[in-house]
Amino acid sequence: MKRNFMLMASLILAGTMSLSAADINLAAGADIRAAVETAGEGDVIILADGTYEDATGGENAINLTKSITIKAADPGKASLVKYSFMVPANGNIADLEFDGINASHDLTMDSRYFLQVNTATSAVTNLTIKNCVISDFSRGVVRATQDNATKITNLLIENCIFEGNSTGNAGYANINTQKCTSESIIIRNCTFYHSPAALFRYEATNNLNLLIENCTVLNLGSGSGRKMIEIGSGTHSDSPLSVKDCIFSGSFDTTVPDGTSHSIDLYNLGTVENCILEGYSTVLTNRSGNPESVGSVTSFDFESFTIATDPATISGIGDPRWILNGQVNGISVPDAEKVVKSVEYYDILGKQITGEVKGLVIEKVVYEDGSIATAKVLK
């Protein structure tokens, strides 16, 4: 039996319509809501370069009830405007993935989250958000807050930029799996910028394996807000939290009385290794041996993704896409005295640019002596 897909002028379908998973190719401006509704289990919705704006004006989230992937054909070049998503009651999804999309909303509209898994009978086994830029969702990016009944078994957030989310209230959290039951949550190679809310909150009573690694967190948190990383009073002893190679600096309102909202709240076992923890008065709770911060941030520019620290020898921490003390991923910026052999350009997500080079890009310079240097440049 073949699947019957709704024929729409703006919807381009690819692959055979069979019982197996299929690719669904959308032209710019197509209705993502219609594509989700007609997609089958395991289908991949591939978005062409361009802008996709929700026809409802952002009033209604798209219900997700099956395994599905929504991805940009070219990472960073498909922009979703006022789209949001929800796993409704009795929704039980094995695999849900967002890859390479830019998603933004309207901060004047309250109660907006990028993704909600927010009834007692909602469940996702594997949720992945990678290579995305998500901004201006007034309440947050991920919400799952229903009394330890909601399930996101495994959550991976990787290579993403989150800007200006959770501005509606300092009591929110960008990643608010507050009362969700999870086994593994990994937040890696990400940037969080400009939000009065916390980075992460979790209060379920089960053991949780939480890893926050190589993240750059700038101007997050408020004097009236929650702790930056807040873990509930569950046991968590079998698989402790780990924060590694991260940069935390600044606050949304520039002043954080006594640093309270910048503390990392660990009720049980956990480690914080090789991090900048600027402005933290109480780094850890109920744990002996608070770690030393490896330094401080002296300046940063979000538009050019450049950051400097004291001491200036710090390398290898934070989101690796930043130019940290003149280096990207530990590689020095170009040396003007060397002979250049070739120059290549890549977008911020690492895809090589073959056409016109515009905006913030990564410049890769290959020298005659075989050495390679990279730097972020604005073209």
Side-chain angles (χ1 to χ4, degrees), residues 2-56 58 60-87 91 93-105 114-115 124-135 137 141-142 154-162 189-190 346-356 358-359 361:
K2 294 183 178 179
R3 293 197 190 123
N4 292 318
F5 286 90
M6 182 183 300
L7 296 177
M8 302 178 59
S10 62
L11 193 61
I12 304 173
L13 304 184
T16 59
M17 293 184 289
S18 65
L19 288 176
S20 61
D23 289 349
I24 302 175
N25 292 305
L26 297 191
D31 188 349
I32 295 175
R33 185 182 303 272
V36 169
E37 290 174 354
T38 58
E41 182 73 19
D43 282 357
V44 179
I45 297 175
I46 303 174
L47 308 178
D49 297 359
T51 300
Y52 302 76
E53 187 161 357
D54 182 24
T56 73
N60 301 308
I62 296 177
N63 283 338
L64 303 172
T65 58
K66 67 202 82 172
S67 293
I68 198 168
T69 296
I70 300 175
K71 65 180 295 185
D74 294 314
K77 295 185 178 180
S79 298
L80 278 60
V81 179
K82 296 184 181 179
Y83 273 105
S84 60
F85 302 89
M86 177 180 291
V87 179
I93 300 175
D95 297 288
L96 178 59
E97 182 173 314
F98 300 90
D99 183 3
I101 63 174
N102 291 353
S104 62
H105 215 285
F114 174 70
L115 173 66
V124 180
T125 302
N126 299 301
L127 170 60
T128 301
I129 303 173
K130 64 182 183 180
N131 307 319
C132 293
V133 178
I134 299 176
S135 59
F137 284 82
V141 180
V142 177
N154 302 299
L155 170 59
L156 172 63
I157 301 176
E158 188 172 41
N159 299 329
C160 292
I161 297 171
F162 304 102
N189 297 349
C190 290
Y346 298 79
D347 64 26
I348 198 68
L349 297 174
K351 183 178 177 63
Q352 186 170 5
I353 300 171
T354 56
E356 184 181 8
K358 294 181 64 177
V361 297

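From a predicted model like this one, the values you see are computed outputs, not experimental measurements.
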Which value, rounded to the nearest 0.5 Å, describes the distance between Asp49 atom CG and Lys77 atom NZ? 5.5 Å
Sequence neighbours excluded, the answer for ring-ring contact (aromatic ring centres under 6.0 Å, His included) partners of Tyr83 is none
What pair of heavy atoms forms the shortest contact from Ala48 to Ala78, and how long is it? O-CB, 3.8 Å
Keeping to residues at least two apart or across chains, list the side-chain hydrogen bond (donor to acceptor under 3.5 Å, both in side chains) pairs with something in residues 94-105. Asp95-Asn126, Asp99-Asn131
To the nearest 0.5 Å, what is the distance between CD1 (Ile32) and CD (Glu53)? 11.0 Å
Locate the shortest heavy-atom distance separating Cys132 from Gly100; write the atom from each residue and the value. SG-N, 3.6 Å
Roughly how far, to the nearest 0.5 Å, is CD1 of Ile161 from CG of Asn189? 11.5 Å
Contacts of Phe162 meeting ring-ring contact (aromatic ring centres under 6.0 Å, His included) (sequence neighbours excluded), chain-then-number -> Phe192
Value for NZ (Lys130) from SG (Cys160), rounded to nearest 0.5 Å, stands at 10.0 Å
Between Ile157 and Val141, is any pair of side-chain heavy atoms under 4.5 Å apart? no
What's the spacing between Thr56 OG1 and Arg33 CZ if we round to 0.5 Å? 4.5 Å
When you compare the side chain of Val36 with that of Ile70, does any pair of heavy atoms fall below 4.5 Å? yes
Does the side chain of Phe85 reach to within under 4.5 Å of the side chain of Ile68, using non-hydrogen atoms? no
Are Leu96 and Leu115 packed together at the side-chain level, in the sense that at least one heavy-atom pair is separated by less than 4.5 angstrom? yes
With heavy-atom distances below 4.5 Å as the criterion, would you say the side chains of Ile134 and Phe98 are in contact? no
How long is the straight-line distance from CG of Leu155 back to OG1 of Thr125, given to the nearest 0.5 Å? 12.5 Å
Candidates Ile101, Val81, Leu26 - the one meeting side-chain contact (heavy atoms from CB on, under 4.5 Å) with Tyr52: Leu26
Please evaluate residues Lys71 and Val44 with respect to the criterion side-chain contact (heavy atoms from CB on, under 4.5 Å), reporting the C-alpha separation (whole Å), side-chain torsions for both, the decisive distance (0.1 Å), and the verdict. CA-CA 7 Å; Lys71 65 180 295 185; Val44 179; 3.6 Å; yes
